[in-house]
There are 2 protein chains.
Amino acid sequence: MQTHLQEIKHHFKLAVSVDCVIFGFNHDELKVLLIESDLKECKGKYSLLGDIVCPDEELEDAAYRVLKARTGLDHVFMEQVQTFGAVKRHPVGRVVTVAYYSLVNIARIERTLSDLRLNWYPIKALPELVFDHAQILEMCHNRLKQQVQLQPIGFNLLPRKFSLRELQHLYEAILDVELDRRNFRKKFLSMDLLMDLNEEEADVPHRPARLYKFDFDKYEQCKKPYLGIGF
Amino acid sequence: MQTHLQEIKHHFKLAVSVDCVIFGFNHDELKVLLIESDLKECKGKYSLLGDIVCPDEELEDAAYRVLKARTGLDHVFMEQVQTFGAVKRHPVGRVVTVAYYSLVNIARIERTLSDLRLNWYPIKALPELVFDHAQILEMCHNRLKQQVQLQPIGFNLLPRKFSLRELQHLYEAILDVELDRRNFRKKFLSMDLLMDLNEEEADVPHRPARLYKFDFDKYEQCKKPYLGIGF
DNA sequence: ACAAAAGTGTTAGATTTACACCCATGA
DNA sequence: TCATGGGTGTAAATCTAACACTTTTGT
């Protein structure tokens, strides 16, 4: 029943690729970095950023390579989400693709984009995507929605220093909900994981907000495993 | 920068496989179905159940094929977890494996096992595993821990009719925690998703418990998306 | 002075936790 | 009658949700 591993060489003509769903946050919108497809048969459609995995390259390394090549950034939050391997998903042959999402501070990128065909698109107004990329994107967005509620990863989308308003708008954009401002504040401040930097916003046409940063070290010490059954 | 897809054929000599972490629940223990490895170099070690994905086979289908071949079961809960593709993870060459976990009612299987080398092992007392299978298993167990708190999937591990004690012990085994019996009951009964079957356990050496089944239809109607930030 | 967002507290309701006793059954 | 687990309730503490006014800044 189990295929003999020796037969591998004969069995397979397939490739493994990685696709990165790179999220950014800007003007109160969650955005994704996409590139105009250069395939003839996909004229006018857009594509996630991906590439074939080299024979002696780790999957993660391939994903980081794509990310670095496209954004110029290193040390970025990234997580594997799922693998898409439908037989006919790709026109040139069987390409099994491993999807990752990553969270970047959009401000650090805007100027370093390597390619004019690269652009940020709001998650609420996506263009048409090639192949199954819409499905991949949706899956990654769902995972982000889930993870952002369970772990403090959202901060990767914000500048080092941020206001509570920015943080709230981030959650609202990701989860597509409206949150009560006072309750949101209370919640976050009571977790006692935000460090008050004693600084304020500048150049805003209204009362400037205090700036905070997230205390990752402290978080690491007090995270709890069991959350309780709730579905 | 982006590899031309035309070059795929030349680039790759690799295989894609699936590995199934099949969970069962028995005697208040969470167990995994493993097989004694038949590779010489892995004498005495155990392996997850997996196989190479055929060229024109969907990933899911491959995983179901393995499951069906090993357990005789169909229509089983299964979810993709993660893909493991370390360059040197497999001795015969590059094998990228997509890991799934599934939840089966162990009682339905015990007699239909296809192979004497197949056995259930408690998650708390695992034998030594081949390659990176320990890592894969751990990942799948973590995912199960997470999902079981967010969705009513645990019921797949129980008989159609179950008592609240069985349900509680299931959660305790999966999450490796102790739960208060009264609070657990209250919680589940207040969700109002358990249908009281007006039946009782039989052949137990103590007061028999009522039996319930889970009302999946009702659940589908009232599930809520936003749970609240809590990390 | 006005516009715009910052900052701040309270209350009612819901949820969670901790905890102890009597009951039904089979051996 | 004993051992085993079934079944039940309450009070305190915590968390959540709803809700409005004053403050600070730039224009």
Side-chain angles (χ1 to χ4, degrees), chain A residues 25-29 149-150 158-159 161-173 175 177-213 222-231, chain B residues 25-29 149-150 158-159 161-173 175 177-213 222-231:
Chain A
F25 178 68
N26 213 351
H27 303 299
D28 297 346
E29 286 185 313
Q149 294 177 65
L150 301 174
L158 295 176
K161 304 171 181 186
F162 53 84
S163 67
L164 283 167
R165 168 181 39 84
E166 290 174 293
L167 188 60
Q168 180 179 343
H169 288 165
L170 174 68
Y171 275 88
E172 291 179 332
L175 298 172
V177 291
E178 295 222 323
L179 302 173
D180 180 86
R181 192 160 54 91
R182 281 165 292 185
N183 292 336
F184 182 84
R185 246 160 204 284
K186 215 184 313 168
K187 176 113 182 181
F188 262 97
L189 292 174
S190 75
M191 297 189 323
D192 207 28
L193 292 170
L194 295 180
M195 290 164 64
D196 187 335
L197 296 170
N198 289 311
E199 290 180 64
E200 295 184 339
E201 288 179 307
D203 300 322
V204 287
H206 53 74
R207 174 171 175 181
R210 310 179 80 103
L211 296 178
Y212 297 86
K213 73 186 187 104
C222 54
K223 61 181 167 183
K224 45 196 171 175
Y226 172 67
L227 291 159
I229 298 146
F231 44 78
Chain B
F25 178 68
N26 212 351
H27 303 298
D28 297 347
E29 286 184 313
Q149 295 176 63
L150 301 174
L158 295 176
K161 304 173 180 185
F162 53 84
S163 66
L164 282 167
R165 169 180 40 82
E166 290 173 293
L167 188 59
Q168 180 180 343
H169 287 167
L170 174 68
Y171 275 89
E172 291 178 332
L175 299 172
V177 291
E178 295 221 322
L179 301 173
D180 180 86
R181 191 161 55 93
R182 281 165 293 184
N183 293 335
F184 182 85
R185 260 161 189 280
K186 214 183 316 167
K187 175 111 183 184
F188 263 95
L189 292 174
S190 75
M191 296 190 322
D192 207 28
L193 292 170
L194 295 181
M195 290 164 63
D196 188 336
L197 295 169
N198 289 311
E199 291 181 61
E200 295 184 338
E201 289 179 308
D203 300 321
V204 288
H206 53 77
R207 176 173 174 180
R210 311 179 80 102
L211 297 177
Y212 297 87
K213 74 185 184 104
C222 55
K223 62 180 165 182
K224 43 191 175 178
Y226 172 68
L227 290 160
I229 299 148
F231 44 78

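The chains referred to below are lettered A, B, ... by the order of the sequence lines, with proteins before strands, and numbering in each begins at 1. Keep in mind it's a predicted model, so treat the numbers as computed, not measured. The analysis underlying the following values was restricted to heavy atoms, covering all of them including side chains, and did not include hydrogens, waters or symmetry mates.
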task = Using side chain to side chain donor-acceptor pair (under 3.5 Å) as the criterion, point out the one residue from B/R210, B/R207, B/R165 that pairs with B/E201.
result = B/R165

ask   = In whole angstrom, what separates B/L194's CG from D/dG6's C1'?
value = 16 Å

request  = Could you check how far CG of A/L167 sits from C1' of C/dG7, rounded to whole Å?
outcome  = 16 Å

key: Euclidean distance, atom OH of residue B/Y212 to atom P of D/dG6 [Å, nearest integer]   = 11 Å

query = Between A/E199 (CD) and C/dA6 (P), how many Å, whole number?
reply = 17 Å

ask   = A/R165 has an atom CZ; how far is it from atom P of D/dT23, in whole Å?
value = 21 Å

task = Rounded off to whole Å, could you give me the CZ-to-P distance for the B/F184 and C/dT16 pair?
result = 13 Å

message = I need a per-nucleotide contact map over nucleotides 19-27 of chain C, read 5' to 3'. Cutoff is protein heavy atoms under 4.0 Å; write B for the base, S for backbone only, - otherwise.
response = BB--BBBS-

query = Taking all atoms of both residues into account, what is the closest heavy-atom pair of B/G230 and A/L227, and its distance?
reply = O-CD2, 3.9 Å

key: Check: A/R185 main-chain N/O paired with A/Q168 side-chain donor or acceptor under 3.5 Å   = no

request  = Please confirm whether A/F188 and A/Y171 have ring centers closer than 6.0 angstrom.
outcome  = yes

inquiry  = Strictly distance-based, threshold 3.5 Å: is any side-chain N or O of B/E172 a donor or acceptor partner for the main-chain N or O of B/E178?
reply    = no

ask   = When the distance from CG of A/L211 to P of C/dA6 is rounded to whole Å, what number comes out?
value = 11 Å

query = What is the minimum heavy-atom distance between B/C222 and B/L193, and which atoms define it?
reply = SG-CD2, 4.3 Å

inquiry  = Using whole Å, what does the distance between atom C1' of nucleotide D/dT24 and atom CZ of A/R210 come to?
reply    = 13 Å

task = Would you classify A/R185 as touching base, sugar-phosphate or nothing, given that sugar-phosphate means primed atoms plus P, OP1 and OP2, and contacts are heavy atoms under 4.0 Å?
result = base

